[in-house]
Asks: 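Structure below; questions to follow.
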Amino acid sequence: LTPSGWTQMGWLRVGDTLIDPDGGTCSVTGVFPQGVKEVYRVTFSDGAETMCCDDHLWLVQTPSQRHRGHEGSVLSLRDIMHAGLFDSSGNSRFFIPLPVTDHDPRELPLDPYFLGAMLGDGCLTAGMPYFSNSDQDILARVTQTAPVGTCLVAAGSYDYRLRGDSKPRSRSARGGFRKNTNRVTACLRGLGLMGLASHDKHIPHEYLVSSRDQRLELLRGLLDTDGTCGNSRSGGSHIEFSTSSLRLSRDYAALVRSLGGTCRTVSRSTHYSHKGQRRTGRTSYR
């Protein structure tokens with residue numbers, strides 16, 4: 001997997017590791033050139049894309065098979081195109097089962113929930129990281145999952161400084177005092193996140209390829225801070241995550257899809273008033 005979460009078939013080499021249909025991993029044992037072939041771009045209902053030839057085989061389910069939990073059948077892209085993607089009523093003929101990818105648990109520098117919350121409501125541009133939220137349950141969870149020795153110190157109405165170990169400073173070899181290391185700052189710096197503005201935030205690659213449970217905790221942290229839930233115009237329900245970072249929006253979509261979900265991303269322009277003037281803000285990705 002590349003840092004962006006996907007790979008192209010032409011990049012594959014013997015020994016590369018891929019996700020199998022059951023959500024596990026397998027290794028490429030052989031690459032067999034097929035000559036020049038016509039390639040199609042396949043776009044799924046949530047906007048995800050891939051490219052393949054018309055001989056590519058897909059495991060598909062009909063609406064009836066999906067409803068009854070049947071495994072489905074294998075069809076080539078050519079067969080799918082010949083049958084048509086939609087019936088006479090405009091309903092989808094085929095569905096692609098979504099595997100939940102899994103990996104071995106990783107030793108991560110920060111708890112996944114804590115990192116997700118910091119990506120959502122954390123300020124990483126100051127000398128010391130801040131967390132801004134008024135929900136007592138979320139504040140308690142952030143405190144619980146923060147590195148040992150870290151505490152939240154009130155710094156405003158809803159702002160909290162993440163202060164390092166509160167033990168007395170240790171004496172250095174020169175007779176002065178050595179500041180205790182703020183583990184949150186050190187870990188964020190090691191992950192390449194410290195100092196980033198909201199529109200530059202992203203999910204570090206090691207978190208996107210962590211275990212299913214670790215990724216689920218990361219998703220919970222993101223949604224507890226910058227997530228909402230509600231009803232769509234069609235009458236269904238939806239969960240939404242909002243960010244000003246294009247990279248974080250793409251990472252979020254990859255995270256959701258790795259857990260067996262679907263995710264569509266839309267964007268809109270934002271505006272704000274400054275001294276009576278209407279100004280254009282940063283693009284919002286939802």
Asks: Identify the heavy atoms of D46 and R257 that sit nearest to each other, and give their distance.
Replies: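 Taking every non-hydrogen atom into account, OD2-NE, 3.1 Å.
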Asks: Calculate, to the nearest 0.5 Å, the distance between atoms OG1 and NE2 belonging to T62 and H67 respectively.
Replies: 11.5 Å
Asks: Would you say that more than 12 heavy atoms from the other residues, nucleotides or ligands in this model lie under 6.0 Å from the OH of Y158, or not?
Replies: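 Count not over threshold, so no.
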Asks: Which value, rounded to the nearest 0.5 Å, describes the distance between Q61 atom CD and R68 atom CZ?
Replies: 12.5 Å
Asks: Can you confirm whether I138 sits close enough to D121 that some side-chain heavy atom of one is under 4.5 Å from a side-chain heavy atom of the other?
Replies: no
Asks: Taking atom CZ of R220 and atom OG1 of T145, what is their separation to the nearest 0.5 Å?
Replies: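 Atom-to-atom, R220:CZ and T145:OG1 are 12.5 Å apart.
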Asks: Any chance you could measure T265, atom OG1, to R286, atom CZ, to the nearest 0.5 Å?
Replies: 11.0 Å
Asks: Flag the pair E206 / L191 as yes when at least one side-chain heavy-atom distance between them is below 4.5 Å, and no otherwise.
Replies: yes
Asks: Is there side-chain contact between I203 and L248, with at least one heavy-atom pair below 4.5 Å?
Replies: yes
Asks: Checking side chain to side chain contact (heavy atoms under 4.5 Å, CB included) between L119 and each of L196, T225, L222, which is the one that passes?
Replies: L222
Asks: Can you find a pair of side-chain heavy atoms, one from F86 and one from S92, that are under 4.5 Å apart?
Replies: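 With C-beta onward as the side chain, the pair touches.
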Asks: Taking atom CZ of R141 as the centre, does the number of heavy atoms from other residues, nucleotides or ligands within less than 6.0 Å exceed 12?
Replies: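 Yes - once you tally the heavy atoms of other residues, nucleotides and ligands closer than 6.0 Å, there are more than 12.
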Asks: Consider only side-chain N and O atoms of S242 and D226, and report whether a donor and an acceptor are under 3.5 Å apart.
Replies: no
Asks: Does any N or O in the side chain of R215 come within less than 3.5 Å of the main-chain N or O of L255, such that one atom is a donor and the other an acceptor?
Replies: no
Asks: Quickly, which of H202, K201, M118 forms a side chain to side chain contact (heavy atoms under 4.5 Å, CB included) with L193? Name it, please.
Replies: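 Exactly one pass, corresponding to H202.
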Asks: Between Y285 and S244, what is the shortest heavy-atom contact and its length?
Replies: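 For Y285 and S244, the tightest heavy-atom pair comes out as CE1-O, 3.8 Å.
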Asks: Spell out, as yes or no, whether a donor-acceptor pair under 3.5 Å connects the side chain of S89 to the backbone of N91.
Replies: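 Not at all, since once roles are kept as given, no pair shorter than 3.5 Å links the two residues.
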Asks: Could you walk me through whether F114 and L162 pass the side-chain contact (heavy atoms from CB on, under 4.5 Å) test, one step at a time?
Replies: CA-CA 12 Å; F114 179 83; L162 279 83; 3.2 Å; yes
Asks: Would one find more than 12 heavy atoms of other residues, nucleotides or ligands at under 6.0 Å from atom CD of E49?
Replies: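 Enclosed.
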Asks: Of all the heavy-atom pairs spanning M128 and M194, show the shortest one and how long it is.
Replies: C-CE, 4.2 Å
Asks: Assess the residue pair F94 and L75 against the criterion (side-chain contact (heavy atoms from CB on, under 4.5 Å)); give the C-alpha distance rounded to whole Å, side-chain angles, the decisive distance to 0.1 Å, and a yes or no.
Replies: CA-CA 10 Å; F94 304 108; L75 297 177; 3.7 Å; yes
Asks: In Å and rounded to the nearest 0.5 Å, what is the NE2 to OG1 distance from H56 to T50?
Replies: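 Nearest 0.5 Å value for the NE2-OG1 distance: 7.0 Å.
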Asks: I'd like to check D54 versus E38 (side-chain heavy atoms, cut-off strictly below 4.5 Å). Are they in contact?
Replies: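 Not touching, per the 4.5 Å side-chain cut-off.
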Asks: Under 4.5 Å between side-chain heavy atoms, hopping through other hydrophobics if needed: is there a path connecting V42 to L98?
Replies: no
Asks: Go through the steps for L259 and R212 under the test side-chain contact (heavy atoms from CB on, under 4.5 Å), then give the verdict.
Replies: CA-CA 7 Å; L259 291 166; R212 177 186 178 278; 3.9 Å; yes
Asks: Determine, using the 4.5 Å side-chain heavy-atom cutoff (strictly less than), whether L110 and Y130 are members of one ILVMFWY cluster.
Replies: no
Asks: Taking it one step at a time, do F241 and C263 satisfy side-chain contact (heavy atoms from CB on, under 4.5 Å)?
Replies: CA-CA 10 Å; F241 177 75; C263 183; over 6 Å; no
Asks: State whether the side chain of S132 and the backbone N or O of D159 hold a donor-acceptor pair below 3.5 Å, judged by distance alone.
Replies: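 Flag not set: sc S132 to bb D159 has no pair under 3.5 Å.
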Asks: Can you confirm whether more than 12 heavy atoms, excluding those of L59, are under 6.0 Å from its CG atom?
Replies: yes
Asks: Which heavy atom of P129 sits nearest to which heavy atom of T185, and what is that distance?
Replies: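 Looking at all heavy atoms of both residues, the shortest contact is CD-OG1, 3.0 Å.
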Asks: Kindly compute the distance separating CG (L218) from OH (Y207), expressed to the nearest 0.5 Å.
Replies: 8.5 Å
Asks: For the hydrophobic clusters of this structure (ILVMFWY residues joined by side-chain heavy atoms under 4.5 Å, transitively), does one cluster hold both L77 and L85?
Replies: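 Per the 4.5 Å side-chain linkage, L77 and L85 are co-clustered.
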Asks: I need the minimum non-hydrogen distance between V28 and V31, along with the two atoms involved.
Replies: CG1-CG2, 4.0 Å
Asks: Would you say that R93 contacts V60 through its side chain, given a criterion of any heavy-atom pair below 4.5 Å between the two side chains?
Replies: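 SC-SC contact between R93 and V60 ruled out.
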Asks: Quick one: are Y252 and T243 in side-chain contact, heavy atoms under 4.5 Å?
Replies: no
Asks: Check F131 against G122 and note the closest heavy-atom contact, atom names and distance.
Replies: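 Result for this residue pair: CD1-N, 4.2 Å.
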Asks: Using side-chain heavy atoms (C-beta onward) and a distance below 4.5 Å, is L188 in contact with L115?
Replies: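 Sidechains of L115 and L188: in contact.
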Asks: Salt-bridged, D55 to R78, with N to O below 4.0 Å?
Replies: yes
Asks: Check whether F44 and M81 end up in the same hydrophobic cluster, where Ile, Leu, Val, Met, Phe, Trp and Tyr are linked by side-chain heavy atoms less than 4.5 Å apart.
Replies: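 Yes, one cluster joins them.
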